[in-house]
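Following: one structure in structure tokens, then a few remarks.
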Amino acid sequence: MGRQFNEDNLTAEVVKRLGKTKNARQRQIMASAVKHLHAFARDVHLTEEEWFEGIKFLTAVGQKCDDKRQEFILLSDVLGLSMMIVALNHKTAPGATEATVLGPFFAHGAKEYGYGGDLRVGCTMKGEDVWVSGRVLGTDGKPVPNAVLDIWQAKADGIYDVQEADAEFELRGRVKANAKGEYAFASYKPKFYSIPMDGPVGELTKATTGNHMRPAHMHAIVSAPGYQQVITHVFVEGDPYLDGDAVFAVKNSLVAKYKKVNNAAEAKKLGMPNPFLKLEFDFHLSPAGKAKTKARKAIAPSDALA
Ligand code: BEZ
Ligand code: FE
């Protein structure tokens, strides 16, 4: 302990006091955070008025959060921190599907569907009909039996069900793949959309990058016993925002083509209108326990996630 601290010796004293932290990892994280925060303040010579603005901003971010809205996740996403953490923790094994951000619109408790389920049922807004199908495979190319694909996406107006008052689940579901690793479901083609702009993160975005669009995508969390869960997106080839994603999540390997099909017999067999769109996408999972880095904690239906 001591006194008479100034800009040259204050950081070292804070870090020294943090030395009492029992948990070694917490000690390391706190010491590093303090060093970087002090360096940031010194770097821009932060004024008291500016820091008070920062505190007001963080307060507004907290006040915008409720059981449906997570403004801190959005902040982390637009600062690129979410994708930085995904990149650090998911050095994709060769051949495995790349991971991306979870985003704020995942919801637990979605309905379960078998092979060929129709996620359009109950959707309040029509869109372009799409038959989505593919396989869940290991990185060895062998089928992964009985995987579950948690799917969610925006509607044709770019809005998610959970963004609406008195929302019912729409265009989301837990789709079970079959014993051969095959999955299929009917949905609507997703549309590009803006991240929520009616809160402090929106204000910050307007004042800084102006970059608030996300290219069209479907979200998927693919899980199977004995394999690492992957949290990812499938993007729409040709989307105008692929190179300007507000949350930096686009990977070339996750961009797929929505092919137009005009075939009455095939449409009838699949229970689709003719013409319709077809998206074929295979997911590749790494075996559990073979990761170079720590696996992301698997999301289970019981997890409480805002
Ligand atoms: C999303 O894809 O749902 C999303 C991700 C990050 C910020 C906003 C939305
Ligand atoms: Fe999304």
Side-chain angles (χ1 to χ4, degrees), residues 61 64-87 89-90 97-108 110 119 123 125 127-128 130 132 149-164 167 169-175 185 187-206 208-222 230-237 239-251 254-256 258 279 281 283 296 299 303 305-306:
V61 171
K64 194 74 189 169
C65 295
D66 58 25
D67 58 345
K68 284 209 180 129
R69 176 81 177 248
Q70 232 308 348
E71 197 77 354
F72 275 111
I73 294 184
L74 190 58
L75 180 60
S76 163
D77 292 339
V78 301
L79 294 180
L81 186 57
S82 304
M83 271 312 286
M84 173 59 78
I85 291 168
V86 169
N89 289 284
H90 297 273
T97 298
E98 294 188 271
T100 62
V101 290
L102 177 68
F105 300 132
F106 174 74
H108 290 287
L119 273 59
C123 184
M125 178 166 292
E128 288 181 78
V130 54
V132 185
L149 297 88
D150 259 293
I151 302 292
W152 70 107
Q153 63 167 87
K155 292 185 273 182
D157 57 357
I159 301 288
Y160 282 82
D161 51 2
V162 292
Q163 290 179 278
E164 293 170 337
F169 283 162
E170 294 174 65
L171 300 187
R172 73 173 70 226
R174 286 171 59 75
V175 179
F185 59 92
S187 186
Y188 293 126
K189 186 181 176 187
K191 177 132 193 264
F192 54 74
Y193 62 85
S194 171
I195 58 166
M197 292 295 281
D198 59 341
V201 175
E203 291 305 317
L204 178 71
T205 303
K206 277 183 225 158
T208 56
T209 64
N211 224 23
H212 62 103
M213 297 303 289
R214 295 226 58 211
H217 58 270
M218 157 187 113
H219 293 262
I221 301 177
V222 187
V230 67
I231 300 178
T232 193
H233 290 37
V234 181
F235 294 93
V236 178
E237 191 180 289
D239 187 278
Y241 297 105
L242 283 171
D243 289 323
D245 184 5
V247 307
F248 313 95
V250 178
K251 307 274 188 189
L254 302 176
V255 179
Y258 282 67
L279 168 68
F281 194 85
F283 294 93
R296 177 154 31 180
I299 288 183
D303 284 348
L305 222 206

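All ligand and atom numbering here is 1-based and tracks the order in the structure.
- Side chain to side chain, T205 and H212 fail the donor-acceptor criterion of an N or O pair below 3.5 Å.
- Using modelled atom types, one side-chain atom of Q153 and one backbone atom of Y188 make a donor-acceptor pair closer than 3.5 Å.
- Between the side chain of T232 and the backbone N or O of E98 there is at least one donor-acceptor pair closer than 3.5 Å.
- By the 6.0 Å contact criterion, CG on D243 is open, its count of non-hydrogen atoms from other residues, nucleotides or ligands being 12 or less.
- The set of protein atoms (N, O or S) found at less than 2.8 Å from the Fe ion (ligand 2) reads Y160 OH, Y193 OH, H217 NE2, H219 NE2, by chain and number.
- Scored by the ring-ring contact (aromatic ring centres under 6.0 Å, His included) test, Y193 finds Y160, H217 as partners (sequence neighbours excluded).
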Need the list: ligand 1 N/O atoms against protein N/O atoms, distance under 3.5 Å, rounded to one decimal.
| from | atom 1 | to | atom 2 | distance (Å) |
| --- | --- | --- | --- | --- |
| ligand 1 | 2 (O) | Y193 | OH | 2.6 |
| ligand 1 | 2 (O) | R214 | NH1 | 2.5 |
| ligand 1 | 2 (O) | H217 | NE2 | 3.0 |
| ligand 1 | 2 (O) | H219 | NE2 | 2.9 |
| ligand 1 | 3 (O) | Y160 | OH | 3.4 |
| ligand 1 | 3 (O) | Y193 | OH | 2.8 |
| ligand 1 | 3 (O) | H219 | NE2 | 3.1 |

Problem set entry | Test salt bridge (charged side-chain N to carboxylate O under 4.0 Å, His left out) applied to E164 and K155, step by step | CA-CA 11 Å; E164 293 170 337; K155 292 185 273 182; 2.9 Å; yes

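- Here the CZ-CE distance, from R172 to M218, works out to 13.5 Å after rounding to the nearest 0.5 Å.
- With sequence neighbours left out, L79 forms a side chain to side chain contact (heavy atoms under 4.5 Å, CB included) with L75.
- Relative orientation of the F235 and H233 rings is parallel, given thresholds of 30° and 60° on the angle between their planes.
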